Amino acid sequence: MKHKSIDLASEVKRATLPEGLHGFLFPLFEAVSNSLHSIEERWGDYVERDGRIEIEISSAERQIVIADNGVGFDEKNLGAFLTPLTGNKYERGGKGFGRFIAFRIFRDVFYSSRQIDALGAVIGGSYAYKPFANDDNLVEIAVDSGVAAHRFDRGLTALMRSPFDESQDYFDLAGPRYMGASAENAIAAALLDHFLIEFIQKKVPQHTILVIDGAPFNLYEHFYESLSMGGSRTEYLEIGQKSRRFDFSYFKVGEAQAKKHRLYFYANNRAASDLENISSGVNDKPFVEAGETGPQRYFYLVAVSSDFFVSSQSRDRITNLHARIVRDGVKKSIRDHLIALAKQHILEIESAYTSERRAKMVADIEHLIAVDPLLRRGLGDRSPEDFVRKRSITETREQLAQDLFVERFRKKFDFSKLGEDASVEQLEHLVKTQIPADAKEALAVYVAYRNHVITIFRELLKKQADGLATEDRVHALIYPRYKDSDEIDYSSHNLWLLDDDLAYAQYVSSDRTPDGNYRAKGEYAHDLLVNNQNELMVVEMKRPQKTGYSAESDSPTNNPVDQLKRQISDIRQKGRIKTSAGREVSVPPDTMVRGYVIADWNDNLQNYLQMEDFVITNYGGQMAYRYFQSLNLMIEVVAFDRLVDRATNRNEAFVQMLEGRSTYDRKPKGTLGSLGATGGTR
């Protein structure tokens with residue numbers, strides 16, 4: 001028996017594209033990528049000198065043409081072209097699917113080719129491409145029926161035309177899609193940004209021409225006119241009792257060619273990682289320096305190379321970056337150490353900017369203390385300069401105020417004064433005598449606020465109101481919809497309802513895709529995604545009082561287990577998530593992901609979970625769990641009642657402390673250490 005042929009049309013429909021202009025241009029990116037591979041196959045080390053790529057975009061004809069002087073449809077490449085999901089470009093990280101993406105944007109695709117046959121003769125032809133046809137998929141046609149005869153001695157021309165309705169307006173170069181900016185500049189910048197690594201590695205021909213409505217533009221010349229060397233550094237890391245060398249190269253790339261500071265890992269003479277966004281903690285904006293024609297604005301591109309790196313079989317990823325090592329007393333992954341070093345180097349190279357930013361932060365600290373003298377306690381015995389030196393160069397005045405506030409309360413109430421053998425009496429004495437009145441007042445306000453939120457939460461679970469789905473209100477109460485923590489801070493949400501540890505999570509996203517975007521048609525968006533201390537959590541909230549659950553349902557909302565598995569599978573395939581600001585957060589395969597379904601518990605849900613082989617327990621409230629080994633995923637299904645009851649119990653501990661009540665007054669009294677070992681009773 002044989003595998004059935006794949007449903008290619010359905011696969012294309014399911015394929016997701018980036019938002020906006022990059023999504024529209026994605027078929028062009030794929031075609032140019034194929035041209036670069038074909039040119040490299042023909043010209044080897046002489047790609048820059050001898051290669052040719054010409055891109056033509058016509059707004060009047062609503063079409064894009066890409067022509068190259070690579071190998072064309074020779075026997076090997078034609079065979080691979082006619083094999084869906086071929087492994088022909090596996091070593092380059094290709095998956096054999098890119099050519100089909102064109103049919104997400106365009107109705108018609110044509111090719112013309114000129115290549116060498118097995119006998120050494122030059123042959124060629126013109127073709128219409130019909131990947132979903134039951135018979136021939138590459139149909140030979142007359143030259144004037146599709147794209148004209150191929151213009152170079154060898155290679156391939158691709159023509160994409162007749163865009164679908166939702167993409168038509170991208171050909172209106174003065175239209176709203178470009179928001180009044182130059183469409184020509186936006187398209188050129190998108191191409192340069194997408195092929196940044198290829199330009200740096202000198203894999204792009206000097207003759208790479210973009211023609212928009214007849215106006216030519218040399219992408220190669222434009223890129224290198226805006227590129228300069230920014231310096232280099234060498235660092236050594238102790239890995240496995242051996243000192244390993246890492247070389248850092250810094251390139252200044254013009255603002256038009258790059259939109260953020262980025263880094264890639266370089267192994268075996270080629271890039272072996274996606275570009276990492278390293279703007280956070282460095283500078284969210286471009287640096288500026290004086291040039292001959294005025295101020296020059298630029299971002300940094302960092303290449304990190306080492307004999308230590310081991311690339312994957314497809315050579316598109318480094319496989320040994322995730323081991324955790326200690327450097328300067330800090331334990332984190334090799335990847336994170338290298339990124340931190342790259343950021344440190346940039347700030348050293350840009351010493352004038354760094355000094356200016358530090359001075360501005362010191363001035364902000366002094367201003368905050370002048371407005372609220374109590375914040376001075378957060379400095380302790382340090383000067384503002386010492387305090388700022390320990391913080392990220394990009395911290396805002398608001399973040400500095402928050403840091404001072406936290407430091408102030410740490411100094412007021414320091415549990416480090418207690419040893420692990422301290423008695424419960426000592427703990428109670430510390431709580432009662434060392435928390436000043438103003439701290440108790442602030443805590444009282446916070447506890448009252450939390451009690452009010454819990455009351456609202458309970459009411460939302462009881463009823464529908466104003467015709468609005470209760471799920472939306474519950475979601476908005478826990479975390480604002482369509483936002484993430486790049487946009488709002490910890491004071492704007494109530495994630496503590498799920499878990500107090502989540503209040504200060506490193507990254508939180510609500511109603512967004514793993515690429516940090518709003519959900520487009522056909523895409524999914526998680527209800528909540530939380531990344532904290534290298535642990536990823538995805539939450540799906542169901543409408544209170546919902547009863548319709550079934551593994552056979554076509555609706556993902558009725559099959560939340562499959563819904564979560566599909567979401568996590570997509571994240572696993574990408575190996576990362578993105579924030580709304582474009583910052584990439586790595587999700588290594590060895591990182592367990594936790595998936596949570598929050599719902600009202602009922603017989604229908606319980607029967608569904610039993611059929612899905614979940615372990616069901618009522619310890620502390622209704623919940624169920626199951627581990628999926630292939631995804632390294634733990635899914636927990638938690639009842640709304642359990643959630644709100646536990647939040648209430650946690651808040652009650654604060655209330656007892658404020659009112660001077662304690663249930664830790666029963667004999668026998670042990671040490672804190674023994675309570676931790678035995679579990680203690682309340």
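Side-chain atoms are counted along with the backbone in the values below, which use heavy atoms only and exclude waters and symmetry mates. This is a predicted model, so every value here is computed, not measured.
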Which pairs would a plain distance check flag for residues 155-162, meaning a side-chain donor or acceptor within less than 3.5 Å of a matching protein atom at least two apart in sequence or in another chain?
residue: Thr157; atom: OG1; partner: His150; partner atom: ND1; Å: 2.7
residue: Ser162; atom: OG; partner: Asp108; partner atom: OD2; Å: 3.1

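- Side chain to side chain, Gln168 and Arg62 meet the donor-acceptor criterion of an N or O pair below 3.5 Å.
- Remark: Glu54 engages Arg151 in a salt bridge, criterion side-chain N to carboxylate O under 4.0 Å.
- Two residues are said to be in side-chain contact when any heavy atoms from C-beta on lie closer than 4.5 Å; Leu633 and Met592 fail this criterion.
- Atom-to-atom distance recorded for Leu36:CG and Phe199:CZ is 8.5 Å, nearest 0.5 angstrom.
- Here CG of Leu341 is found 10.5 Å from CD1 of Ile339. Values are rounded to the nearest 0.5 Å.
- For the pair Ile105 and Phe26, the minimum side-chain heavy-atom distance is 4.5 Å or more.
- No side-chain heavy atom of Asp68 sits less than 4.5 Å from a side-chain heavy atom of Arg52.
- Ion pairing of Arg245 with Asp247 is present here, as a side-chain N (NZ or NE/NH1/NH2) and a carboxylate O approach within less than 4.0 Å.
- Residues Glu540 and Lys565 are not paired through a salt bridge, judged by the lack of any N-O separation under 4.0 Å between the basic side chain and the carboxylate.
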Check your understanding: Stepwise, does the salt bridge (charged side-chain N to carboxylate O under 4.0 Å, His left out) test hold for Glu255 with Arg297?
Key -> CA-CA 6 Å; Glu255 182 182 21; Arg297 300 166 65 85; 3.0 Å; yes
Which donor-acceptor pairs under 3.5 Å do the side chains of residues 208-216 make with protein atoms, sequence neighbours left out?
residue: Thr208; atom: OG1; partner: Pro205; partner atom: O; Å: 2.7
residue: Asp213; atom: OD1; partner: Ser59; partner atom: N; Å: 2.8
residue: Asp213; atom: OD1; partner: Ser59; partner atom: OG; Å: 3.1
residue: Asp213; atom: OD2; partner: Ser59; partner atom: OG; Å: 2.7

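- Salt-bridge check for Asp562 with Arg566: passed, with a basic side-chain N closer than 4.0 Å to an acidic carboxylate O.
- Defined by atom type and a distance below 3.5 Å, a donor-acceptor pair is present between the side-chain atoms of Glu235 and His345.
- Ion pairing between a basic and an acidic side chain is recognised when a charged N comes within 4.0 Å of a carboxylate O; Arg262 and Glu276 show no such pairing.
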